[in-house]
Amino acid sequence: MQRLFSTFANGWPGFGLLIQRLVLGIALLYHGIALLRGAPAVEPIVPELIGSLLGLFILAGLWTPAVGALVAVLQVWIALAGVGHESMTIILAALGGTLAMIGPGAWSIDARLFGRKYIAD
């Protein structure tokens, strides 16, 4: 992970990435929970449940580049299948893709696991 990102964004950029992760993760979880609770939906159940699981990883900021790329591919697949709201799936795919490219930010599990370590003498 450290080879992908030289630093993990801190300050206002890190806060912005945290907000982006929260929006994407909550939206993915909402779609999966609404489907399980019996909300009227024509969408396939398996991709939405996979999206909910990926939303948990996004919320935690764990393996963000890989999970963001998977979210983007999954949402494009749902959009091309013609089920669900195409505009919402495209927005979720774009958010997942940008997280895959930019990274999780300093307030994530990725930053704690793979970030730079300070060694005190």
Side-chain angles (χ1 to χ4, degrees):
M1 187 75 59
Q2 198 172 27
R3 294 174 198 258
L4 292 174
F5 309 109
S6 60
T7 62
F8 291 90
N10 201 358
W12 284 110
F15 182 69
L17 287 170
L18 175 66
I19 296 297
Q20 184 177 354
R21 282 193 357 250
L22 289 175
V23 167
L24 179 59
I26 290 170
L28 291 170
L29 281 174
Y30 172 78
H31 285 290
I33 291 171
L35 191 65
L36 288 176
R37 294 200 68 183
V42 188
E43 301 151 358
I45 194 166
V46 173
E48 293 294 336
L49 292 179
I50 293 171
S52 293
L53 177 66
L54 294 175
L56 291 173
F57 283 95
I58 289 289
L59 281 174
L62 182 61
W63 301 325
T64 308
V67 173
L70 286 172
V71 166
V73 169
L74 182 70
Q75 293 300 319
V76 167
W77 177 37
I78 291 172
L80 291 178
V83 294
H85 300 287
E86 289 180 11
S87 59
M88 179 57 85
T89 57
I90 296 300
I91 289 170
L92 293 176
L95 286 172
T98 56
L99 276 177
M101 290 183 272
I102 298 172
W107 295 311
S108 65
I109 294 176
D110 281 343
R112 300 295 177 248
L113 292 177
F114 307 111
R116 302 272 181 208
K117 306 290 189 264
Y118 178 74
I119 300 172
D121 290 331

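The first residue of the sequence shown is numbered 1, and numbering continues consecutively from there. When reading the values below, keep in mind they use all heavy atoms of this one structure, side chains included, and skip hydrogens, waters and symmetry mates. Please read all numbers here as calculations on a predicted model, not as lab measurements.
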Distance-minimising heavy-atom pair for Gly97 and Ala72:
N-CB, 3.9 Å
Indicate the atoms forming the closest heavy-atom contact of Thr89 with Ala79, along with that distance.
OG1-CB, 3.2 Å
Point-to-point distance, once rounded to the nearest 0.5 Å, from CG of Leu24 to CD1 of Ile19:
13.0 Å
Working to the nearest 0.5 Å, report the span between CG of Asn10 and CH2 of Trp107.
5.5 Å
Minimum heavy-atom distance Gly32-Ser52, with the two atoms named
CA-OG, 2.9 Å
Side chains of residues 98-105: which donor-acceptor pairs under 3.5 Å do they make with residues two or more places apart or in other chains?
| from | atom 1 | to | atom 2 | distance (Å) |
| --- | --- | --- | --- | --- |
| Thr98 | OG1 | Gln20 | NE2 | 2.5 |
| Thr98 | OG1 | Ala94 | O | 3.2 |
| Thr98 | OG1 | Leu95 | O | 2.9 |

Looking at every non-hydrogen atom in both residues, tell me the closest pair between Leu92 and Ala27 and how far apart they are.
CD2-CB, 3.7 Å
How many angstroms lie between atom CG of Leu28 and atom CD of Glu48, to the nearest 0.5 angstrom?
8.0 Å
Indicate, with yes or no, if Ile58 and Ile33 share a hydrophobic cluster defined by side-chain heavy-atom contacts under 4.5 Å among Ile, Leu, Val, Met, Phe, Trp and Tyr.
no
Just jot down the side-chain contact (heavy atoms from CB on, under 4.5 Å) partners of Ile109, sequence neighbours excluded, or say none.
Ala60, Leu62, Leu113
Ala111 to Ala106 - nearest heavy-atom pair and separation:
CB-O, 3.4 Å
List the residues meeting side-chain contact (heavy atoms from CB on, under 4.5 Å) with Leu49, not counting sequence neighbours, and say none if there are none.
Leu36, Ile45
Flag yes if Ile26 and Leu18 sit in one hydrophobic cluster, no otherwise; membership is Ile, Leu, Val, Met, Phe, Trp, Tyr, and two members link when side-chain heavy atoms are under 4.5 Å apart.
yes
Under a 4.5 Å side-chain heavy-atom rule over Ile, Leu, Val, Met, Phe, Trp and Tyr, are Leu80 and Val73 clustered together?
no
Counterpart residues, side-chain contact (heavy atoms from CB on, under 4.5 Å), relative to Leu70 (two or more places apart)
Leu54
Value for CG (Leu59) from CG (Leu56), rounded to nearest 0.5 Å, stands at 6.5 Å
Which heavy atom of Arg21 sits nearest to which heavy atom of Gly61, and what is that distance?
NE-CA, 3.6 Å
Among residues at least two apart in sequence or on other chains, which ones pass ring pair (Phe, Tyr, Trp, His ring centres under 6.0 Å) with Tyr30?
none
Ala93: which residues meet the side-chain contact (heavy atoms from CB on, under 4.5 Å) condition with it, sequence neighbours left out?
Gln75, Val76
